[in-house]
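Note that the numbering runs from 1 along the sequence shown for the chain.
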Amino acid sequence: MARIEQRLAALGLVLPPSVTPPPGVVLPFQFVRLIGRRAIVSGHGPLDADGQIAAPLGKLGAELTVEQGYTAARLTGLAMLGSLQRALGDLDRITAWTRVFGMVASAPGFQQQPAVINGFSDLILALFGPEVGAHARSAVGMAELPFGIPVEIEGEVGFDDA
């Protein structure tokens, strides 16, 4: 078993399949675009283990707590890792997490976006370690996110040949 898969298993974590979009929704883009030795990862939201959009939905600072947002960001990380595994075949090919852009559905006055996106960053650092997992990051508030999700994250990784 690959190193990252072993760490996921040790933590009791499962990578979900691709998102099951709501009825009538078409997603006409790639979840991961490979260009040279870079993988550009489209915005992902939190998914349950079956690929359904994870609850709870809503905005941080209104319907959701920072802790719920942190969990949503962690689930979003697992969804991104699932997409990367399908695109690369092996998460151990990732040599660097380079850039992460975290978006948080925020009620007016909510200013703890970085604490929410830490759910993603903490997961990546726990799995990949401080060298490969280190990443540049933004965490910003948004008035709305698709389907009522509380968190959407996009990013970029470097990878090596298979």
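Residue pairs meeting the salt bridge (Lys or Arg N to Asp or Glu O under 4.0 Å) criterion with at least one member in residues 114-136: none, sequence neighbours excluded. Applying the salt bridge (Lys or Arg N to Asp or Glu O under 4.0 Å) test to residues at least two apart or on different chains, the pairs with a partner in residues 94-114 are R99-E154. Each ring pair (Phe, Tyr, Trp, His ring centres under 6.0 Å) pair with one or both residues in residues 39-58, not counting sequence neighbours, appears once here: F31-H44.
Atom CG of D92 is separated from atom CD of Q85 by 9.5 Å, given to the nearest 0.5 angstrom. Atoms CG and CD, from L145 and E152 in turn, are 6.0 Å apart once rounded to the nearest 0.5 Å. How far CG of L11 is from CG of L127: 6.0 Å, rounded to the nearest 0.5 Å. The structure places CG of D90 at 9.0 Å from CD1 of I4, a figure rounded to the nearest 0.5 Å. Within the model, atoms OG1 of T20 and CD1 of I53 stand 8.5 Å from one another, a figure rounded to the nearest 0.5 Å. To the nearest 0.5 Å, atoms CZ (R74) and CD1 (I153) are separated by 12.0 Å.
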side-chain contact (heavy atoms from CB on, under 4.5 Å) assessment of V66 paired with F110: CA-CA 10 Å; V66 170; F110 183 77; 3.9 Å; yes
Criterion side-chain contact (heavy atoms from CB on, under 4.5 Å) on R33 and I35, from CA distance to verdict: CA-CA 6 Å; R33 175 91 162 110; I35 302 171; 3.9 Å; yes
Pair I40-V32, side-chain contact (heavy atoms from CB on, under 4.5 Å): steps then yes or no: CA-CA 6 Å; I40 311 300; V32 177; over 6 Å; no
Audit row: V140, V104, side-chain contact (heavy atoms from CB on, under 4.5 Å) steps and yes/no: CA-CA 6 Å; V140 300; V104 179; over 6 Å; no
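Checked by atom type and distance alone, the side chain of S42 pairs as donor or acceptor with a backbone atom of Q30 at under 3.5 Å.
Smallest separation of non-hydrogen atoms from P46 and P150: CG-CD, 4.2 Å. Shown here for L81 and L91, the closest heavy-atom pair between the two residues is O-CD2, 3.6 Å. Between P16 and D48, the shortest heavy-atom distance links the atoms CB-O, 3.3 Å. Nearest heavy-atom pair across A134 and L125 is N-CD2, 3.8 Å. Between I149 and A105 the shortest heavy-atom distance is O-CB, 3.7 Å. Listed here is the closest heavy atom pair of P17 and L47: O-CD1, 3.7 Å.
Residues L57 and F147 fail the side-chain proximity criterion, which asks for heavy atoms closer than 4.5 Å. Within the 4.5 Å cutoff, the side chain of I117 has heavy atoms near those of the V151 side chain. Taking 4.5 Å as the limit, some side-chain heavy atom of V41 sits within range of a side-chain heavy atom of L84.
By the side-chain contact (heavy atoms from CB on, under 4.5 Å) test, E67 is found to be paired with T65, residues two or more places apart in sequence or in another chain being considered. In this structure E144 satisfies the side chain to side chain donor-acceptor pair (under 3.5 Å) test together with K59, sequence neighbours excluded. Every side chain to side chain donor-acceptor pair (under 3.5 Å) that D161 has, sequence neighbours left out, goes to R37. Under the side chain to side chain donor-acceptor pair (under 3.5 Å) criterion, S18 pairs with R86, not counting sequence neighbours. Residues satisfying the ring-ring contact (aromatic ring centres under 6.0 Å, His included) test with F101, not counting sequence neighbours, are none. Remark: T98 pairs with A96, E156 by the side-chain contact (heavy atoms from CB on, under 4.5 Å) rule, at least two apart or across chains. For S106, the side chain to side chain donor-acceptor pair (under 3.5 Å) criterion is met by Q113, not counting sequence neighbours. In this structure, the side-chain contact (heavy atoms from CB on, under 4.5 Å) partners of S121, at least two apart in sequence or on a different chain, are H135, R137. Every residue two or more places apart in sequence or in another chain that forms a side-chain contact (heavy atoms from CB on, under 4.5 Å) with V26 is listed here: P28.
Ring-centre distance between F120 and W97: below the 6.0 Å cut-off.
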